[in-house]
2 protein chains.
Amino acid sequence: MGKSASCFADVLSEFAKLTDAERQAVERLEERQREIRRGTLLQCANEPSSEMFILRKGLMMSYVLLDDGSRQILRFLFPGDMLGLPGVIYTEAPETLCALSDCTVCPFDRSALSELLTEQPRVGALILILSQIERVALTDRLAILGRTSAKVRVGALLLEMRDRLCTTDKNITDSFTLGLTQEEIGDATGLTSVHVNRMLRQLEEEGFIRRENGRVTLTDEAALARTANYVNRYQGLQLGWLLPAR
Amino acid sequence: MGKSASCFADVLSEFAKLTDAERQAVERLEERQREIRRGTLLQCANEPSSEMFILRKGLMMSYVLLDDGSRQILRFLFPGDMLGLPGVIYTEAPETLCALSDCTVCPFDRSALSELLTEQPRVGALILILSQIERVALTDRLAILGRTSAKVRVGALLLEMRDRLCTTDKNITDSFTLGLTQEEIGDATGLTSVHVNRMLRQLEEEGFIRRENGRVTLTDEAALARTANYVNRYQGLQLGWLLPAR
DNA sequence: CGCTCCGTTGAGGCTCATCAAATTCTGTGG
DNA sequence: CCACAGAATTTGATGAGCCTCAACGGAGCG
């Protein structure tokens, strides 16, 4: 694979071979590049926004704050993800985008997206597919939050993080550094950090995981996936029908 | 408005004026039409599916069953909605589509979508926008499930249902028939039907709503919306930048 | 060296689930 | 039109799961 000129083109290529023209058009989204520090906000909920981003390096999250002060993390964002589309279609962004580590992002104007969609319809179709994958991942989390116990929620988060980290770093198998505080895990799973702590401990005691200073090892991945109804939504796709070979 | 040849074209027209060619292409999705009875399943989770639908009349839902037997309702579906896209991009559908009332649906093959996307890029862009609106509605629900009390969850569901019913029936203001059992409300909000019952009663006692055999009246909509952080995601859109007038 | 952030642990209380049963509503066939 | 069966709603009692509050230890950093 190596360092491609475009992270996002690499993601799209997983689903369909791009023509040269398509690849060039996609690469234009990543012409500019910006380094941001951990904690930086790229977009703020309830504020106007006209920029979007491709995340090139690092870990980010999107979240909302409710007015009792509690936070719900909606999604973790990984290299190759396109960020901020919901923000630019509304007059006020529905969510906040925040860097969880130092990151590299490529900002682009919404007009760049508009051009890309109208001039490269196949790319538009692939972006729609990505949007649907994200949708399904969100509905999975909805079911987890609505219908499962704290222990299962934490386990499901670990599985999802592992799988998403894998797409960036193919070396990862069952051991990885999470890069999240227990409070962040709690805000993603609808729990308090205190209870997350107890659940991690319990998962460890019951032999599902092992922990050594920030590093997590899944020791019984199959059992974890079974209790959490977990499915990796970046696999099992069938897109042959969508884009005729040309 | 009147009876247009295409429900879906009417939805798209809310966001951008369609050309004649675009409208015709969209109308092709609704060439066939099928009446289905309450309880009919159009698509089953974990089974292959190659068909999609436009819902023309009635109320449907999508849900998943966890293997402890509990059900999470993911989304309620209203006339003008496109159904089943997540189902056709995966080899096995991620969710079940079920009719909550007698419905009229227009089935179409996935190749019809493929053609539409490649031949009418602006329509593709609009479908992407619809997909993003749905995404934001889902993240709103994620925050509700993760971070709010049972009472707020039920209140938020009432508000959302009212707003979605409004787009079909412009007469509705603050009073409407919900068309859901308390068990269904529970499965959508992550509660038991017993607790939904108590919350409805409490909302009534506290003057937020009134109920008369299946009909709900929102008597203090503003307060309800405030406590639930509710935003109607079909409003507040800004799409002028997306599709150049032609 | 002190400060802050994060993880850890304990005690107690509230919210919501569970179980059970009575009552009302709905629809269907006689 | 009525009788009946099944579904949906309502209510109560009990307890589990998770939150809240509080305190302490350790790691990183100025």
Side-chain angles (χ1 to χ4, degrees), chain A residues 37-39 61 66 68-73 98 100-102 143-158 177-206 209-216 227, chain B residues 37-39 59 61 66 68-73 98 100-102 144-158 177-206 209-216 227:
Chain A
R37 302 281 300 279
R38 177 163 169 280
M61 64 177 169
L66 305 197
D68 65 352
S70 63
R71 174 175 73 171
Q72 176 67 47
I73 295 179
C98 175
L100 282 164
S101 68
D102 294 350
I144 290 279
L145 283 198
R147 288 298 183 205
T148 73
S149 69
K151 194 169 22 156
V152 170
R153 292 189 209 183
V154 173
L157 179 132
L158 294 179
T177 57
L178 193 49
L180 300 176
T181 66
Q182 294 180 358
E183 185 169 3
E184 284 156 356
I185 298 175
D187 287 347
T189 53
L191 302 168
T192 58
S193 62
V194 173
H195 205 61
V196 167
N197 184 289
R198 292 191 233 268
M199 293 303 103
L200 283 171
R201 174 158 318 283
Q202 212 171 315
L203 286 170
E204 189 168 26
E205 276 169 12
E206 294 171 9
I209 64 171
R210 225 179 21 240
R211 297 183 298 158
E212 43 260 339
N213 55 341
R215 203 169 175 76
V216 177
T227 61
Chain B
R37 301 283 299 279
R38 177 163 169 280
L59 178 63
M61 64 176 170
L66 306 196
D68 65 352
S70 63
R71 175 176 72 172
Q72 176 67 47
I73 295 179
C98 176
L100 282 163
S101 67
D102 293 349
I144 290 278
L145 284 198
R147 289 297 182 207
T148 72
S149 71
K151 194 168 22 157
V152 170
R153 294 189 208 182
V154 173
L157 178 133
L158 294 179
T177 56
L178 193 48
L180 300 177
T181 65
Q182 294 180 356
E183 185 168 4
E184 284 155 356
I185 298 175
D187 286 347
T189 53
L191 302 168
T192 58
S193 61
V194 173
H195 205 59
V196 167
N197 184 287
R198 291 192 232 268
M199 293 303 102
L200 283 170
R201 173 160 318 284
Q202 211 170 314
L203 285 170
E204 188 167 27
E205 276 170 11
E206 293 170 10
I209 64 171
R210 224 179 23 240
R211 297 184 299 158
E212 44 261 337
N213 56 340
R215 203 170 174 76
V216 176
T227 61

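By convention in this document, chain letters (A, B, ...) are assigned in the order of the sequence lines, proteins followed by strands, and residues within each chain are numbered from 1.
- Panel note: side chain A:Q72, backbone A:A188; a donor-acceptor pair is recorded below 3.5 Å.
- In this structure, B:K151 atom NZ and C:dC16 atom C1' are separated by 14 Å, rounded to whole Å.
- As rounded to whole Å, 16 Å separates atom C1' of C:dT24 from atom CG of B:L200.
- In this structure, CG of B:D102 is placed 11 Å from P of C:dG27, rounded to the nearest angstrom.
- For the pair A:D68 CG and D:dC19 C1', the computed distance is 13 Å after rounding to whole Å.
- Not one N or O on the side chain of B:S101 forms a donor-acceptor pair closer than 3.5 Å with the backbone of B:R38.
- From B:L158, atom CG reaches atom CE of B:M199 across 13.0 Å, with rounding to the nearest 0.5 Å.
- For D:dG12, its base sits under 3.5 Å from the side chain of B:R198 at one donor and acceptor pair at least.
- In this structure, B:L178 places its CG atom 16 Å from C1' of C:dC25, rounding to the nearest Å.
- In the set D:dC18, D:dT20, C:dA17, the nucleotide with an atom closest to the side chain of A:A150 is D:dC18.
- Looking at B:E206 and B:K151, a side-chain N of the basic residue comes within less than 4.0 Å of a carboxylate O on the acidic one, giving a salt bridge.
- Note on A:S149: only backbone sugar-phosphate atoms sit closer than 4.0 angstrom, heavy atoms only; bases stay farther off.
- Distance from the side chain of A:N197 is smallest for C:dT8 among the nucleotides C:dA20, C:dT8, C:dC6.
- A sub-4.0 Å separation between OP1 or OP2 of C:dC16 and a side-chain N or O of B:R153 is absent.
- Using a 4.0 Å heavy-atom criterion, one finds that A:R211 contacts the sugar-phosphate atoms exclusively.
- Protein atom NE2 of A:H195 is 16 Å distant from nucleotide atom C1' of D:dC21, rounded to whole Å.
- What separates CD of B:E183 from C1' of C:dA17 is a distance of 14 Å, to the nearest Å.
- Across all strands shown, B:T181 has heavy atoms under 4.0 Å from sugar-phosphate atoms exclusively, and none from any base.
- Here A:G190 lies in heavy-atom contact (under 4.0 Å) with sugar-phosphate atoms only.
- In this structure, the CE atom of A:M199 is 13 Å from the P atom of C:dT8, given to the nearest Å.
- Distance alone, capped at 3.5 Å, places no donor-acceptor pair between the B:R147 side chain and the A:L66 backbone.
- Checking D:dT10, C:dC6, D:dT20 against every side-chain atom of A:R38, the shortest atom distance belongs to C:dC6.
- Using a 4.0 Å heavy-atom distance criterion, A:R147 is classed as making no nucleic acid contact.
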